[in-house]
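Below, each value reflects all heavy atoms present in this structure, side chains not excepted, and no hydrogens, waters or symmetry copies. Below, chain A is the first sequence line, B the second, and so on; all start at residue 1.
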Amino acid sequence: MLKVYNDLTNKKEEFIPIEPGKVSMYVCGMTVYDLCHLGHARVMVVFDVICRYLQAIGYKVTYVRNITDIDDKIINRANKNDEPFSELTERFIQAMHEDEDALGVLRPTEEPRATTHISEIVAMVESLLEKGHAYVGSNGDVYYSVGSFDGYGKLSGKTIEDLRAGERVEVEQEKRDPLDFVLWKAAKPGEPSWESPWGEGRPGWHIECSAMSTCCLGDTFDIHGGGADLTFPHHENEIAQSEGATGHKFVNYWLHNGFVRINEEKMSKSLGNFFTVREILNSYRAEEVRYFILTSQYRSPLNYDNEHLDNARGALTRFYTSMRGLPEVEPAGAERYREQFTAAMDDDFNTPEALAAMFDLVREINRTRKSDESAAAAMAAELKEMGSVLGILQGDVEAFLRGEATGDDALSDADIDSLIQQRLDARKQKNWAEADRIRDQLQEAKILLEDGAGGTNWRRG
RNA sequence: GGGUGCGUAGCUCAGUGGAUAGAGCAUGGGAUUGCAGAUCCCAUGGUCGCCGGUUCGAUCCCGGUCACACCCUCCA
C-alpha cells in the first residue's frame, strides 16, 4: 500500500487515486531564463522517480510539468541581452531538455507553456471576477482578493492574521489588501503582451499553473508537486484561484521536495551559490548525480559536497561490479529484496531505504555467484529492474566501470589491453617485479586491475 | 514574532510502542590472492538532542525545552 506525505494534512496518508488505476500529477517546472541548477535537477529527478514508481506499481500516469516562459525575470533578461524574450526562452527550454536527457529524466506526458495557454488563463481570471474573488485595479492589473476565499492558508498552515503580522511588503496602492496578489499584469510600453478584456497584459505567475493544471488534468487531480519554497505563496495561491474558480477541490495530495544546500546554506539563484547541472556534469557522471540525489529522501535537505558525489561513484561501482560478467537472463530469485524495495518506495518514496534493499541484494549476488552463476545472473537482472525504477544501473556494465579516457595522454582501451597482456605473460613466468611494474604504471593512469579466476578485469578509478 | 520540518554510528542517511537500533562509506581483523584489487565473513563504533508525562515497557506517542533548517519577499 502506497503512502505519501501530504502537505495539505501534514500526514502520511494512503494514496487513493480519483480514478482507479490512473494518476494525474502536476509539477511546477522551470522559469526558463537561465540554465538548470542542481535544485532544478532535484525536482526533475525526484518527480521522475515518483512517476516511474507509480508506473511500476501499475498506474497509468499523466504527468504534466509546466514551463513558465513569460514573467519579469524573463523580460529583464531578454532586455539585458537585447533579444526577443521568445528567443531567450526557446534557448533555455532546449538547454533544460538537454540537461534532463543527460540526467535520464523521462519527459512528462505534457509540458504546457504559459504563452500558449493565454486564453485558458484569461477565462479563469474572468471566472474569478464573476464570482467576486477578483477585482480590476485602475492601472489595468487584476488582483485576487485573498479575503474572499475561506480556505486561504490551509496548505501552508498560515492564517490571514499571521500573514498580516509578518507583512514585509510595500503596499501597492492598487491593492485593496496587501495580501492580494496579481492575476493579470497590465503591460508597460514595450513589454510582451496579450489581449484581454482588461487591456494588453500578461498573466501573473500563480494563475498560469492553476489554468494549465486544470486545463490538462481537470478541476480536481491527484498529485501536485514542486519545490518546498513554492508551498507559500505559489501553491496557496493556486488553491485559492482554482477552487475559487471551479468550486471544486483542487488537489488531493500535495508533495514538496526539500532543498539542495551547500555549505549549510540554501542553494539558490538569489544567493548566487548554485552549480548548474552542466558544471556538475563536467566532473561527475549523470548517473552519479542521480544517485546522489536519491541518497536522501525527497523531503529532506540534500547537502551538496564533492565527497558525496565521490561516494556516489563508489556505490555505483559496487552495484555494477556485482553485475559484472554475468549473462543477461530473466529476473528471478530476489523476492525478499524486491519486497523490501517495494515497502521502502511505498513509504513516501523512501529512496535511501530502497537503495539499502538493493545493497543487500548486491551482497546476495556476490555470495551466490561463486557457487551458482545463473542464479546470481537472475538476481542481477532483478537488481537492474529495481534500478530502472530509480533510473540507475541501466547502462552497460563494462562501459560504466571502464569509464572514458580523459586527457590527451590517456591510454586507449587497446593500450590497456596490450599492457594487461604483457603483464599476464610476466605473471606466467612468475616475473612478479615486471607484473607489478605494469600494474603500477596503469595505476598511475588511474587504471585499476583486478585479477580474478576468469582473467584480469580493469576499471578506471 | 508566526508557520512547517528536523535532531539516530566518524560522515551521509534509514528505521521501530517491546528482546542484541540498521545501510553505504570510513576503521580494524580473517578468508581469498604471488602481492594487491574486487568479493565474502567477523569486529569496532550509538546514554537514538535534553527534561518530563502516558504505558507493564518509549529512541518511537504526548507536553515542554534547546539547537538547526526552510517558509512568511523572487526562488525548485
task = Could you check A/D71, A/D141, A/D72 and say which one makes a side-chain hydrogen bond (donor to acceptor under 3.5 Å, both in side chains) with A/K185?
result = A/D72
query = Is there a donor on the side chain of A/K266 or the base of B/rC75 sitting less than 3.5 Å from an acceptor on the other?
reply = yes
Check the distance between [N]'s [atom2] and [X]'s [atom1] and give it to me in whole angstrom.
X: A/M267; N: B/rA69; atom1: CE; atom2: C1'; answer: 15 Å
X: A/L309; N: B/rG24; atom1: CG; atom2: C1'; answer: 15 Å
X: A/L230; N: B/rA76; atom1: CG; atom2: C1'; answer: 6 Å
X: A/E288; N: B/rU12; atom1: CD; atom2: P; answer: 20 Å
X: A/F292; N: B/rC13; atom1: CZ; atom2: C1'; answer: 12 Å
X: A/D34; N: B/rA76; atom1: CG; atom2: C1'; answer: 14 Å
X: A/I280; N: B/rA76; atom1: CD1; atom2: P; answer: 15 Å
X: A/W254; N: B/rA76; atom1: CH2; atom2: C1'; answer: 14 Å

Any idea how [X] and [Y] line up, ring-wise: parallel (<30°), tilted (30 to 60°), or perpendicular (>60°)?
X: A/W254; Y: A/H256; answer: parallel
X: A/Y291; Y: A/F359; answer: perpendicular
X: A/Y26; Y: A/H224; answer: tilted
X: A/F400; Y: A/Y320; answer: parallel
X: A/H234; Y: A/H206; answer: tilted

message = For A/T295 and A/D360, find the nucleotide of RNA chain B closest to each by heavy atoms; which residue's nucleotide sits nearer the 5' end?
response = A/T295
ask   = When you match A/D7 and A/P352 each to their closest nucleotide on RNA chain B, which lands nearer the 5' end?
value = A/D7
Any base atoms under 4.0 Å from [X], or only sugar-phosphate, or nothing? Heavy atoms, all strands.
X: A/G39; result: base
X: A/G157; result: sugar-phosphate
X: A/K158; result: base
X: A/S322; result: nothing
X: A/D440; result: nothing
X: A/M44; result: nothing
X: A/E307; result: nothing
X: A/V260; result: base
X: A/H234; result: nothing
X: A/F232; result: sugar-phosphate
X: A/G258; result: base
X: A/Y320; result: nothing

For [X] and [N], is the shortest distance between a side-chain N/O and OP1 or OP2 below 4.0 Å?
X: A/N350; N: B/rC13; result: no
X: A/N10; N: B/rG5; result: yes
X: A/Y5; N: B/rG5; result: yes

Whole-angstrom distance between [N] and [M], as gauged at atom [atom1]:
N: B/rA31; M: B/rC48; atom1: C1'; result: 35 Å
N: B/rA21; M: B/rU16; atom1: P; result: 15 Å
N: B/rU39; M: B/rA23; atom1: P; result: 16 Å
N: B/rC25; M: B/rG37; atom1: P; result: 15 Å
N: B/rG7; M: B/rU47; atom1: C1'; result: 16 Å
N: B/rA67; M: B/rG49; atom1: C1'; result: 8 Å
N: B/rG17; M: B/rC60; atom1: P; result: 11 Å
N: B/rC66; M: B/rC75; atom1: C1'; result: 30 Å

ask   = Will you find, in the side chains of A/N282 and A/Y284, an N or O donor that is under 3.5 Å from an N or O acceptor?
value = no
message = Could you check whether A/Y337 and A/E382, counting side-chain N and O atoms only, form a donor-acceptor pair closer than 3.5 Å?
response = no
task = Would you check, one step at a time, whether the test side chain to side chain contact (heavy atoms under 4.5 Å, CB included) holds for A/L316 with A/L393?
result = CA-CA 8 Å; A/L316 288 168; A/L393 308 185; 3.9 Å; yes
inquiry  = Using side-chain heavy atoms (C-beta onward) and a distance below 4.5 Å, is A/R91 in contact with A/N81?
reply    = yes
remark   = Quick note, A/L163 side chain, CB onward, closest among B/rC74, B/rC72, B/rA76 is B/rC72
query = Looking only at heavy atoms, which two atoms of A/L361 and A/M386 are closest? And how far apart?
reply = CD2-CE, 3.7 Å
query = If you take all heavy atoms of A/L103 and A/A41, which pair is closest and at what distance?
reply = CD1-CB, 3.7 Å
remark   = Taking Watson-Crick and G-U wobble contacts under 3.5 angstrom, with | marking pairs to another strand and [ ] crossing pairs, the secondary structure of RNA chain B is written (((((.(..((((....[...)))).(((((.......))))).....(((((..]....)))))).)))))....
inquiry  = Treating primed atoms plus P, OP1 and OP2 as sugar-phosphate and everything else as base, which nucleotides of nucleotides 29-40 of chain B get B, S or - for protein heavy atoms under 4.0 Å?
reply    = -----BBBBSSS
request  = Decide salt bridge (Lys or Arg N to Asp or Glu O under 4.0 Å) for A/R336 and A/E339; before the verdict, give the C-alpha distance in whole Å, the side-chain angles of both, and the deciding distance to 0.1 Å.
outcome  = CA-CA 5 Å; A/R336 54 178 277 228; A/E339 277 169 30; over 6 Å; no
